[in-house]
Each structure stands twice: as C-alpha cells, then as structure tokens.
Amino acid sequence: MVKFFMKKFLSKGPEGNRTSIGQLAGVLGFLSNAILFIGKFAIGVMAHSVSIMADAINSLTDTISSVLTLVGFKIAAKPADKEHPYGHERFEYISGFLISLIMTFVGWQFLQASFEKILQPEKVKLNWLVFVVLLLSIAIKVWQSRMYQSLARSIQSKTLQATSQDSLNDVLTTVAVLLSAIVEWFTGWRVDGYVGFLIALYIIYSGIKMVMEFIAELLGQRPNEEELEQMNSLLGEYPEILGYHDLLVHNYGPQKRFASVHIEVDDRWSLNQAHEVINQIEKDFLEQLDVSLVCHIDPVAVQDADFQEKRRTIEAIVANVDERLRMHDFRVINPESISFDLVVPKTVQLSDQELTDTIRLKIHQRYGNQKIEITFDHNYLLPE
C-alpha cells in the first residue's frame with residue numbers, strides 16, 4: 001500500500017513529492033495510532049492494568065506526533081516569502097524536535113509508572129482478548145516502523161527517521177507488557193514493573209539523543225564527511241584553477257543547501273575567462289550535488305618571481321612555527337605590506353595573538369619592518 005501511494009506522489013516533482021510523502025506518513029501514522037490507542041485503552045480499563053493503560057497513553061502521544069508530522073511537512077512546504085527568503089524547510093527540524101521531546105516525556109512517565117508498579121504491584125485481570133490485542137499492536141507497530149523508515153529513506157527525512165525509531169521503541173514497550181502478562185498468567189509473578197522500568201530508560205535515552213540531533217540541525221552543524229568529500233572531489237576536477245580554500249556550507253532545510261568557496265586563478269586571466277570557469281563550477285555543483293555555490297575569485301601572480309619567492313619563504317616560516325598551520329590567500333599589497341589567511345586547527349595550543357607575534361617577528365627578521373596582516377580561520381571545512 002505504501003509503495004502504491006509513493007508511486008502516485010513521485011509525479012509531483014521533488015518538492016511536491018517530499019511534502020506529499022511526509023503527509024502520507026502523517027495520515028497513516030494518525031490512523032494506525034488512533035486504532036492502537038482505542039484498542040489498548042479498552043483492554044486496559046477492562047483488565048485494570050496500569051502498564052497497558054500507560055502503553056495506551058503512549059499510543060495517544062504517537063497520534064499527536066502524527067498530527068505534528070502532518071503540520072510540520074505542510075509548513076515546511078510553504079514557498080519562500082518576504083520574511084523567509086530561503087523558504088520554510090527548517091520547520092521540519094522543529095516538528096522532529098517536538099516529536100523527540102514527546103518521546104522523552106512519555107519515557108519519563110513510563111519510568112515513573114513502572115517504579116510505582118515495582119513498589120506497589122497489582123494483580124492484572126487477564127484473558128485471551130488482552131493477548132490478542134497486544135499481539136496485534138506489536139504487528140501494527142512493526143509495520144509502522146518499517147513504513148516510516150521506507151518513507152524516510154525515500155526523501156532523506158530525519159523527522160521520519162525519528163518517528164520510525166519511536167515506533168520501534170513502542171514495539172519494545174508492548175512486548176514488555178505482553179511478556180509480563182504471560183509471566184503473571186503462568187507463574188503469578190508480578191514482573192511488568194521491572195521490565196517496564198528498563199525499557200523506559202531506553203526510550204528516554206533514544207529521545208534525548210534525537211533531541212540533541214535536531215538541536216544540532218537547528219543550530220547549524222558541520223556537514224558530514226561524505227558531503228565534504230563530494231565537494232572536495234568536484235573542486236579537484238578543474239585543472240585550470242590553481243587552488244581553492246575557505247569552503248563554507250550551510251542549509252535552510254533538507255533540500256536547500258548553500259556554499260561559498262574562494263577559487264585561486266592566474267592573475268593574467270581576463271574577467272570573462274575567470275567568469276566562465278567560475279560559472280561552470282557553480283553550475284556543476286547545482287546539477288551534481290544540489291548545492292547552490294557562490295565562488296569568490298583570488299588572483300595569484302603566478303609569473304612574479306619575487307612574489308613566489310616571498311610566498312614560499314613565509315610558508316616555511318609558518319610551518320616552522322607549527323607544521324599543522326596552513327596559509328592561503330597570500331597577498332603582497334606593496335613592497336612593504338603583506339597579508340594572508342591562516343588556518344588554525346583545534347589541536348594548535350597557541351592563541352591567535354601568540355601566533356601573530358611569533359610569525360611577525362620571524363618575517364621582520366627576514367624582510368625588515370613589513371606591515372603584516374593575518375586573518376585567522378578556525379572554521380575550515382577542507383582537509384587539513
């Protein structure tokens with residue numbers, strides 16, 4: 001059934017497809033969770049079971065989460081406007097964050113209920129209907145987790161991945177309730193409080209982990225290494241450029257990624273020649289990586305012997321201070337003025353001021369009283 005709907009929505013284009021699949025996940029989740037809540041709540045009341053009632057409330061929060069998923073994808077699909085020129089895709093992270101919070105809260109409630117059950121165990125009134133409903137609940141939740149995971153992969157959605165994990169956690173909680181009911185049915189031992197306590201800890205751990213992941217997305221985390229390697233590899237495919245540096249990457253949602261980079265070119269190039277090469281690089285990034293790239297041109301005096309000698313000498317000075325430092329964007333503004341950027345890895349213990357004083361002293365010893373301007377870069381994404 002899920003594949004049938006996915007094929008239907010694939011004709012709507014990337015953005016429409018993402019929104020439709022997200023809403024499909026919300027609708028299917030809402031209907032299945034509502035059925036689970038009604039069924040569990042009914043047998044929980046009938047059996048006077050605290051653990052089954054808690055599991056029913058868990059299904060109710062999942063129903064609310066499905067509504068949040070629907071709202072989240074609906075808002076995320078809104079086009080750019082005057083107040084939000086880059087669109088609303090980041091709202092998907094907000095809805096995922098809220099789902100993770102609900103998941104953590106439910107885990108905490110389940111933890112408290114389980115602890116109370118340990119302190120004050122109660123006899124559960126069991127019959128065959130309780131076991132049938134719990135088994136059906138497990139089957140529905142397994143299907144639901146796989147459904148969310150399949151849809152998440154199709155549109156690369158962390159929100160649906162979080163929802164899939166939540167459904168998997170629900171399988172564990174219902175299994176715990178079922179096992180404790182079976183043990184009590186055959187032995188009279190009241191163990192559901194202990195089993196529920198352990199599973200509640202796992203739910204809380206999973207919820208907090210996902211909360212932190214969505215916070216990282218909202219704050220703007222570093223791109224993963226695979227994405228950086230793809231960009232680095234593509235930039236290395238242009239033999240006409242001399243080098244590149246200062247790559248910056250940021251996103252405004254799962255499908256809106258932007259980047260900027262400095263491209264070093266021969267200073268003898270004409271403006272049109274430089275524009276042609278840069279335009280091709282930006283076009284390739286958009287077509288191959290779906291990244292909107294902006295390139296900044298850094299002309300390099302390739303044929304100036306004095307410039308090249310001074311650059312090599314200062315590179316050696318920088319390496320002598322700390323071999324982990326990297327220099328780029330080197331400029332000789334006039335015979336008595338030099339500027340360059342310095343990439344400083346986190347492992348370098350010297351402060352910016354200490355590095356400035358040390359490097360300036362060594363350059364002055366070599367070239368006299370030069371004006372030295374150093375720009376420090378602590379957020380470098382390219383390989384060090």
Side-chain angles (χ1 to χ4, degrees), residues 222 228-229 231-249 259-282 284-285 293-384:
R222 175 187 174 91
L228 291 176
E229 178 57 34
M231 295 181 193
N232 192 42
S233 177
L234 185 55
L235 286 169
E237 293 180 3
Y238 305 95
E240 58 268 55
I241 67 175
L242 301 176
Y244 50 90
H245 55 266
D246 283 348
L247 175 67
L248 298 175
V249 183
S260 62
V261 69
H262 288 216
I263 303 291
E264 296 176 353
V265 301
D266 192 325
D267 68 347
R268 295 170 297 170
W269 280 13
S270 68
L271 184 59
N272 284 335
Q273 184 179 1
H275 177 265
E276 271 188 40
V277 173
I278 296 306
N279 190 59
Q280 185 62 49
I281 295 174
E282 293 174 344
D284 290 344
F285 259 70
L293 179 70
V294 175
C295 296
H296 171 84
I297 299 176
D298 284 337
V300 179
V302 178
Q303 298 299 318
D304 189 327
D306 291 337
F307 173 88
Q308 294 297 338
E309 185 277 331
K310 187 169 286 188
R311 178 175 181 171
R312 287 192 296 270
T313 300
I314 295 179
E315 281 181 339
I317 289 173
V318 168
N320 184 258
V321 173
D322 193 311
E323 62 181 8
R324 293 167 294 184
L325 298 172
R326 289 185 59 189
M327 185 185 80
H328 60 75
D329 206 9
F330 182 78
R331 291 283 180 274
V332 178
I333 301 170
N334 57 57
E336 297 182 352
S337 181
I338 297 171
S339 72
F340 56 88
D341 290 4
L342 198 63
V343 180
V344 185
K346 292 181 180 179
T347 52
V348 175
Q349 299 299 316
L350 295 174
S351 68
D352 290 357
Q353 189 59 52
E354 289 173 326
L355 288 170
T356 299
D357 294 341
T358 303
I359 293 172
R360 277 179 176 170
L361 177 61
K362 291 181 178 293
I363 294 176
H364 289 161
Q365 290 173 347
R366 176 66 175 81
Y367 291 107
N369 191 25
Q370 298 264 325
K371 179 183 178 182
I372 310 298
E373 181 181 345
I374 304 175
T375 301
F376 290 92
D377 188 351
H378 294 276
N379 301 304
Y380 201 65
L381 297 181
L382 294 170
E384 296 175 358

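The first residue of the sequence shown is numbered 1, and numbering continues consecutively from there. For clarity, every value in this text was computed on a predicted model and none was experimentally measured.
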Euclidean distance, Ile363 CD1 relative to Asn369 CG, rounded to 0.5 Å: 12.0 Å
Pairwise distance CZ(Phe376) to CG(Asp352) - rounded to 0.5 angstrom: 4.5 Å
Neighbour count above 12 (heavy atom, 6.0 Å) for Glu323 CD: no
Polar side-chain atom of Glu264 near backbone of Val300 as donor-acceptor pair, under 3.5 Å: no
Residue pair Asp329 / Arg331: nearest heavy atoms and the distance that separates them: OD1-NH2, 3.4 Å
Distance in Å, His364 NE2 paired with Leu361 CG, rounded so as to fall on 0.5 Å steps: 8.5 Å
Lys310 to Tyr367 - nearest heavy-atom pair and separation: CA-OH, 3.4 Å
Flag for Asn272-Glu276: side-chain donor and acceptor within less than 3.5 Å: no
Contact check, side chains of Tyr238 and Ile263, non-hydrogen atoms, under 4.5 Å: no
Exercise: do Asp298 and His245 side chains pair donor with acceptor under 3.5 Å: yes
Polar side-chain atom of His275 near backbone of Leu271 as donor-acceptor pair, under 3.5 Å: no
No-hydrogen, no-angle side-chain donor-acceptor test under 3.5 Å, Asp304 and Gln308: no
Heavy-atom check, side chain of Glu282 versus side chain of Cys295, under 4.5 Å: yes
Side chain Gln349, main chain Thr347, donor-acceptor under 3.5 Å: yes
Side chain to side chain contact (heavy atoms under 4.5 Å, CB included) partners of Val277, counting only residues at least two apart: Glu240, Ile241, Trp269, Ile281
Where Leu247 and Ala259 come nearest, the two heavy atoms and their spacing: CD1-CB, 4.4 Å
Nearest atoms (heavy-atom pairs only) where Met327 meets Arg311: CE-O, 3.9 Å
OG on Ser260 to CG on Leu293, rounded to 0.5 Å: 7.5 Å
Point-to-point distance, once rounded to the nearest 0.5 Å, from NZ of Lys371 to CD1 of Ile338: 12.0 Å
Donor-acceptor contact present, side-chain Ser233 to main-chain Glu229, <3.5 Å: no
Stepwise side chain to side chain donor-acceptor pair (under 3.5 Å) check, Asp357 with Gln353: CA-CA 6 Å; Asp357 294 341; Gln353 189 59 52; 2.9 Å; yes
Separation between CD1 of Ile317 and CG of Leu325, rounded to the nearest 0.5 Å: 13.0 Å
Matching residue for Arg326 among Asp377, Val343, Val344, Leu342 - test: side chain to side chain contact (heavy atoms under 4.5 Å, CB included): Val343
Derivation and outcome, side chain to side chain contact (heavy atoms under 4.5 Å, CB included), residues Phe340 and Ile359: CA-CA 12 Å; Phe340 56 88; Ile359 293 172; 4.1 Å; yes
